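Okay, so here's the structure we're looking at.
Predicted model, so just to flag it, every value in this text is computed and none were measured. Values below: every heavy atom of this structure, side chains too, minus hydrogens, waters and symmetry copies.
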Amino acid sequence: MPDTREEQMVKQAFQRLIDTYLSTPHRKKVELITRAFNFANHAHKGVRRLSGEPYIMHPLAVAQIVCEEIGLGSTSICAALLHDVVEDTDYSVEDIQNIFGEKIAQIVDGLTKISGGIFGEKASAQAESFKKLLLTMSEDIRVILVKISDRLHNMRTLGSQLPGKQYKIAGETLYIYAPLAHRLGLNKVKEELEDLSFRYEHPEEYDDIRSKLSGMQAKLDNTFTDFIRPIREELDKRGIVYSVKARVKAPFSIWQKMQHKGIPFEEVYDILAARIVFTPRDPENEIAECFQIYAIASNIYKPHPQRFRDWLSHPKANGYQALHTTLMSKTGKWIEVQIRSERMDEIAEQGFAAHWKYKEGEKSSETSETELNKWLQTIKEILDNPQPSALDFLDAIKLNLYANEIFVVTPKGEFKTMPAGCTALDFAFSIHTFLGTHCIGAKVNHNLVPLNYVLKSGDQVEVLTSNRQTVDESWLHFITTAKARSKVVNILRRKEREKQKAGEQILRDFFQRNDVEVNSLNIDKLCLLHQTDSREQLYAAIGTQTVVLGKEDLAMLRNKSRRRKSWKKYLNPFKRSSDKREDNAPQDGSASTATYEKVDRKKPLILNEETISHYVIAPCCQPIPGDDVLAYMDPLTKRIVIHKRQCPEADKLKAKDGNRILHAEWQTHKKLFFPASIRVDGIDHQGVLFQITSILSQQLNLNIRKLSVQASDGLFQCLIQMEVHDIHDVQLVTNDLKKISEVKTVTRIS
């Protein structure tokens, strides 16, 4: 009986995997990979993905990424083929171990989602599973590499999911998996994960940037050809074997720059870069050859004095090595040039972790292995110090992922890699916990500096300590590294527990002296009286004598005091217009609760004049009609909260509690007003403020709620809070204000 079309598709995908594997330098364990494929194919038989294709196509695609794009061997390929078997079928980890051995079973187990216990019953299942993944990763880095490959294929096929699920997966990817790929040196994978997340979270902006890049492709090609021609001629004269490719900035990176700097696409100037990858004449001398190529290029074009990056002598913590310079082209544009050897380029694209211990015939540098071990040790330290909540845990991990690096020198002349933006206190904790907890300051380049001094690359740092120094809560405002934050939080938590324990004992003694029964009802009465959110807060307040128990407490406990009214004031941001207000919306949350319970997750949440009062507009990002938004079903308040999709708080929710994310759409008709804020920067000149306010209030008929101006050295900055119907109003304001000659930039800040 001939194979069906689907069986042919599966066979072809498997044959492609084998062909790719046979072209690698790994040991040829084709029989083991074939057994893993046959086992997975049988286990997933009859199951389909949402796209309609046979489920086995997903493990095959993940295995292909593991082999072709990351460069791992048979153990990882087998684990990729089997990664969903335990979770989705009746087979157990023990079955995998009996058939394929302990290593493959350990990786599969680390990739299997869990339910229950690390953070307690109310914890995020996503954070739980991620913590398990990291626990296994700290023993075997291949676990996270296979997981990143799994996530990459899920992102490539995300179109078959409902929009709410897309936001959850895309947000989780941006928050955790893209930074992980970055930290492990998987640059191509990181960029693709970011772009795919951007595509699903902000489809219109993504398409707009792609369209503009496509429209200027011919111009970019000509600019690159003209720029690189004289460099090619010189390299050819010297007999250097090399390849040159243009690198166009990814849509996500362009959008990020537009957001952070508040500029349009047309003002993003570093879209084009050049990458020179050469074959060294002598592998032992490749660093010198990098500098030789730099000398050739900088003799042709003038280099930017502040944009030279040497990652050769001191590679990044993820193993990245290259020389970066920015040169002034003949057309008056700065163009970045990256110079790497073939070995450096392979590590930059695939990540040094793929070469560490597992790849035959190649040995990664001692520095790379040391840096990877240091990073894994930091992850272990975070895992060994449990965080009080899933979100705190994810934040602690994220702090350690997405930072640029600087080099700091110890008093003995040793170089230490630290994240950019780190402080003297972070440096103290990186050396030893004792130094961190007793740090009173530092000497940087022989000058005294405070704990919060931000270090720069090349600083020589000596930590100063005192036995009388103790950890202070204010430190959390300026420490930046995961290790320092984790240690400080744990010490503060221990102190808090001691206060709570002392307070609980004082409370019990008070009850006993006054013949009051120690029970939860009486303790809750005191929580209400002293307006504390929990018993633990009450105990801590008593322990620190912020609350002193006395006659009023006894009166409350014996029901002799007048009942205190508890009140909360709800402010509806949509009732700030000069239009006729409707004050008949329920203030007790009943309508919100009803909406929360009846919501249909498969349909988009419609935000219009009739429904908007049922929802809460997130104060952290203040979305307005026209913004890409999502809805979050808050399990504590039982209310639905509307966030911008790019809101940092929403990013955390997508990573921590993505199953409560819903797709939401605006359908307003310019009847309601919403608060919006902009910042106007420009040249200070008499009458400019009058022009700004005239445009807003007279031309555009907008209500200004608040305005503040600061001017110095001939420049001004104006912050304006106003009421608008939608994002179109903000764009009109921006365009009209930019017509004022003195105004240089207009940026929306909420």
Side-chain angles (χ1 to χ4, degrees), residues 163-164 167 202-205 569-596 598-600 603-634 637 639-647 650 662-680 692-707 719-737 746-750:
Y167 303 152
H202 305 283
E204 290 180 10
E205 288 92 333
K569 189 173 182 180
Y570 294 97
L571 296 176
N572 190 335
F574 303 104
K575 295 178 181 173
R576 295 177 182 170
S577 72
S578 54
D579 293 355
K580 184 178 177 181
R581 288 157 169 75
E582 296 180 10
D583 295 321
N584 55 3
Q587 296 298 303
D588 59 359
S590 57
S592 282
T593 304
T595 307
Y596 182 96
K598 293 178 182 177
V599 69
D600 185 348
K603 293 180 181 177
L605 210 67
I606 303 302
L607 309 175
N608 58 29
E609 290 81 1
E610 287 73 38
T611 63
I612 200 71
S613 61
H614 298 161
Y615 312 124
V616 176
I617 294 297
C620 51
C621 55
Q622 288 191 323
I624 63 176
D627 284 327
D628 289 333
V629 291
L630 54 79
Y632 173 66
M633 300 169 68
D634 192 323
T637 63
R639 303 188 70 157
I640 294 176
V641 186
I642 310 301
H643 285 272
K644 283 185 191 174
R645 285 185 215 158
Q646 74 266 34
C647 167
L662 304 171
H663 178 43
E665 292 180 1
W666 295 103
Q667 287 186 14
T668 53
H669 306 88
K670 289 189 176 289
K671 292 181 181 177
L672 298 174
F673 281 90
F674 297 78
S677 300
I678 59 170
R679 190 183 80 203
V680 184
I692 290 171
T693 54
S694 295
I695 285 173
L696 293 175
S697 59
Q698 294 174 24
Q699 260 180 255
L700 301 175
N701 197 28
L702 296 175
N703 183 31
I704 300 173
R705 299 179 63 238
K706 188 177 179 182
L707 185 147
L719 301 178
I720 304 168
Q721 289 183 15
M722 56 192 176
E723 292 179 344
V724 298
H725 291 299
D726 51 31
I727 198 168
H728 179 64
D729 283 356
V730 178
Q731 288 164 349
L732 278 176
V733 168
T734 300
N735 293 336
D736 284 3
L737 291 181
V746 182
T747 311
R748 183 181 167 196
I749 55 177
S750 68

From CA spacing to verdict: side-chain contact (heavy atoms from CB on, under 4.5 Å), T611, Q667: CA-CA 10 Å; T611 63; Q667 287 186 14; over 6 Å; no

Stepwise side-chain contact (heavy atoms from CB on, under 4.5 Å) check, E609 with T668: CA-CA 6 Å; E609 290 81 1; T668 53; 4.0 Å; yes

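With contacts defined as side-chain heavy-atom distances shorter than 4.5 Å, the pair L707/L696 does not qualify. Y615 is listed as a side-chain neighbour of L607, based on a closest heavy-atom distance under 4.5 Å. Counting heavy atoms from C-beta on, the side chains of I624 and D627 come closer than 4.5 Å. Side-chain contact check for I640 versus H614: every heavy-atom pair is 4.5 Å or farther apart. Within the 4.5 Å cutoff, no side-chain heavy atoms of D634 are placed close to those of V616. Residues R748 and V733 form no side-chain contact, since every pair of their non-hydrogen atoms from C-beta on lies 4.5 Å or further apart. Taking 4.5 Å as the limit, every side-chain heavy atom of P163 sits out of range of all side-chain heavy atoms of P604. Residues I695 and L737 form a side-chain contact, since some pair of their non-hydrogen atoms from C-beta on lies under 4.5 Å apart.
Listed by chain and number, the residues in a side chain to side chain donor-acceptor pair (under 3.5 Å) with H202 are D628 (sequence neighbours excluded).
For the atom pair CZ (R705) and OG (S677), the distance works out to 8.0 Å, reported to the nearest 0.5 Å. Between atom CD of residue Q699 and atom CG of residue N701 there is a gap of 11.5 Å, rounded to the nearest 0.5 Å. A distance of 12.0 Å separates CG in L630 from NZ in K644, rounded to the nearest 0.5 Å. The OH atom of Y167 sits 3.0 Å away from the CZ atom of R645 when rounded to the nearest 0.5 Å. For the atom pair F674 CZ and I612 CD1, the distance stands at 5.0 Å (nearest 0.5 Å). Taken from CD1 in I606 to CH2 in W666, the straight-line distance is 11.5 Å, to the nearest 0.5 Å.
Within the 3.5 Å criterion, the main-chain N or O of D729 finds a donor-acceptor partner in the side chain of D726. Between the H725 side chain and the L672 main chain, a donor and an acceptor come within less than 3.5 Å of each other.
The two residues C647 and C620 have their closest heavy-atom pair at SG-SG, 3.6 Å.
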